[in-house]
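Both counts, for ligands and for their atoms, begin at 1 and track the order of listing. Start at 1 with the first residue, then count along the sequence. From a predicted model like this one, the values you see are computed outputs, not experimental measurements.
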Amino acid sequence: MDKQAKTAKESFVVMTELVLPNDTNTFGNLMGGRLMYWMDIAAALAAMKHCGAPVVTASVDNISFENPIKLGNVVHIEAKVTRAFNSSMEVHLRVWGEDAIHQYKYKSNEAYYTFVALDPNGNPRPVAPLLPESEEEKRLFDGALRRRQLRLVLGGKMKPEDATELKALFQ
Ligand SMILES: CC(C)(COP(=O)(O)OP(=O)(O)OC[C@H]1O[C@@H](n2cnc3c(N)ncnc32)[C@H](O)[C@@H]1OP(=O)(O)O)[C@@H](O)C(=O)NCCC(=O)NCCS
């Protein structure tokens with residue numbers, strides 16, 4: 001039976017953390033690995049909300065840290081599903097730092113994580129399609145097929161000649 005489509009809003013997750021001394025590097029900034037851990041959890045929750053099943057992280061696209069997040073600042077992570085394929089879902093994340101004392105927010109990074117829904121035997125299982133609503137959701141939805149093909153080619157899971165959306169890059 002086909003699963004009923006869900007909107008991106010239904011998977012929307014916001015995570016807020018305070019950067020404590022144990023989260024920082026020797027420069028007093030949030031460690032990248034700690035941030036990626038929080039991002040993984042926020043993104044997994046978005047994927048689980050979409051598919052209503054346990055999920056595993058299949059891949060993480062490149063992450064560029066634009067601005068360091070300082071000790072004592074707040075981290076805001078927003079995650080939502082951009083597109084669902086068969087058993088996999090792409091999740092888009094946006095990360096901000098906030099200085100709550102001086103009251104300003106600054107962008108840290110954006111990233112795409114991919115999750116696969118699993119059945120009780122640990123095998124990939126089908127997920128509901130995603131129905132984009134806003135202009136931005138439609139743009140992210142459209143780009144998701146190109147990003148999927150690129151990450152599968154780079155991960156050795158797809159032959160470049162099968163990447164229909166990327167032919168111009170590889171030929
Ligand atoms: C992710 C995983 C379930 C995929 O299993 P698999 O045997 O390759 O399964 P399939 O080839 O049938 O692919 C299943 C889905 O995963 C997707 N997938 C596989 N490798 C991927 C990758 N590197 N990046 C993105 N998606 C990937 C496929 O595109 C497919 O998606 P679709 O069903 O929407 O078309 C499996 O590799 C796994 O369990 N990996 C470890 C996950 C984990 O432990 N993560 C935590 C980090 S330690």
Side-chain angles (χ1 to χ4, degrees), residues 1-17 22-23 25 30-65 69 75 77-95 108-134 136-171:
M1 193 176 69
D2 282 350
K3 291 178 182 288
Q4 201 178 346
K6 286 205 173 171
T7 64
K9 271 200 236 81
E10 289 176 270
S11 68
F12 187 57
V13 167
V14 181
M15 182 191 273
T16 306
E17 295 280 347
N22 228 17
D23 302 321
N25 59 25
L30 174 61
M31 278 187 292
R34 179 79 83 222
L35 178 56
M36 288 190 279
Y37 168 75
W38 289 334
M39 289 166 72
D40 192 31
I41 293 174
L45 289 173
M48 282 167 67
K49 280 178 71 158
H50 179 84
C51 68
V55 299
V56 285
T57 316
S59 67
V60 176
D61 292 7
N62 66 305
I63 303 180
S64 306
F65 299 105
I69 302 180
V75 181
I77 302 172
E78 290 183 5
K80 63 181 174 183
V81 174
T82 60
R83 187 160 177 167
F85 295 93
N86 303 307
S87 64
S88 67
M89 295 149 282
E90 183 189 75
V91 178
H92 181 230
L93 295 114
R94 283 204 184 92
V95 183
S108 170
N109 70 74
E110 279 184 59
Y112 296 95
Y113 281 52
T114 302
F115 292 84
V116 174
L118 299 181
D119 68 16
N121 298 317
N123 297 315
R125 49 156 277 182
V127 297
L130 183 119
L131 187 67
E133 294 177 306
S134 68
E136 193 205 19
E137 286 167 10
K138 287 177 187 159
R139 187 178 53 76
L140 288 166
F141 180 94
D142 288 343
L145 185 57
R146 284 193 298 278
R147 290 188 296 275
R148 166 186 162 94
Q149 292 190 349
L150 186 58
R151 69 176 71 95
L152 290 177
V153 169
L154 293 176
K157 300 280 179 114
M158 180 182 268
K159 292 187 192 132
E161 57 268 30
D162 294 336
T164 50
E165 301 292 307
L166 304 174
K167 281 217 153 72
L169 283 180
F170 293 108
Q171 290 177 357

Taken to the nearest 0.5 Å, the spacing of W38 CH2 from D23 CG works out to 4.0 Å

Is the closest heavy atom of S59 to ligand 1 under 4.0 Å? yes

Do any non-hydrogen protein atoms sit less than 4.0 Å from atom 15 (C) of ligand 1? yes

Could you tell me whether atom 26 (N) of ligand 1 has at least one protein heavy atom nearer than 4.0 Å? yes

Check whether any protein heavy atom sits under 4.0 Å from atom 10 (P) of ligand 1. no

Taking 4.0 angstrom as the limit and counting only heavy atoms of T57, give me the atoms of ligand 1 inside it, by number and element. 42 (C), 43 (C), 45 (N), 46 (C)

Distance from N109 atom CG to M36 atom CE, nearest 0.5 Å? 9.0 Å

Under a heavy-atom criterion of less than 4.0 Å, does M158 contact ligand 1? no

Which atoms from ligand 1 have a heavy atom of R148 less than 4.0 Å away? 29 (O), 31 (O), 32 (P), 34 (O), 35 (O)

F115 and A43 have their tightest heavy-atom pair at CE1-CB, 3.4 Å

What heavy-atom pair brings L93 and A79 nearest, and what distance separates the two atoms? CD2-CB, 3.9 Å

Any non-hydrogen protein atom less than 4.0 Å away from atom 32 (P) of ligand 1: yes

Is at least one protein non-hydrogen atom found at under 4.0 angstrom from atom 2 (C) of ligand 1? no

Minimum heavy-atom distance between A144 and E90, given as atom pair plus value: CB-OE1, 3.5 Å

For atom 19 (C) of ligand 1, what is the closest protein heavy atom, and at what distance to 0.1 Å? K157 NZ, 3.8 Å

Tightest non-hydrogen contact, residues M39 and A111, listed as CE-CB, 3.7 Å

So, taking the atom named CG in L130 and the one named OG in S11, what distance separates them when rounded to the nearest 0.5 Å? 6.5 Å

Protein residue, atom and distance nearest to atom 38 (C) of ligand 1, heavy-atom basis: V56 CG2, 4.7 Å

Quick check for you: to the nearest 0.5 Å, what is the distance between T82 atom OG1 and H50 atom NE2? 10.0 Å

Part of N86 within contact of ligand 1 (heavy atoms, under 4.0 Å): both

Looking only at heavy atoms, the pair that brings T114 and S88 closest together is CG2-CB, 4.1 Å

Measuring from atom CG of L140 to atom CZ of R83, what distance do you get when rounded to the nearest 0.5 angstrom? 11.5 Å

Here the pair of heavy atoms bringing M89 nearest to A84 is CG-CB, 4.1 Å

Look at atom 41 (C) of ligand 1 and say whether a protein heavy atom is found at less than 4.0 angstrom from it. no

In the complex you have, is atom 6 (P) of ligand 1 within reach of the protein, judged by whether a heavy-atom distance drops under 4.0 Å? no

What's the shortest distance from atom 34 (O) of ligand 1 to any protein heavy atom, and which residue and atom give it? S88 OG, 2.6 Å

With a 4.0 Å cut-off on N to O distance, would you call E137 and K80 a salt bridge? yes

Name the option, out of A58, S87, G122, P124, that contains the heavy atom nearest to atom 23 (N) of ligand 1. A58

Counting heavy atoms only, which of V116, L150, V127 comes nearest to atom 17 (C) of ligand 1? V116

Check each atom of ligand 1 against the heavy atoms of F85 and keep those under 4.0 Å away; list them by number with element. 34 (O)

Starting from atom 28 (C) of ligand 1, what is the nearest protein heavy atom, named by residue and atom, and what distance separates them? L152 CD2, 4.5 Å

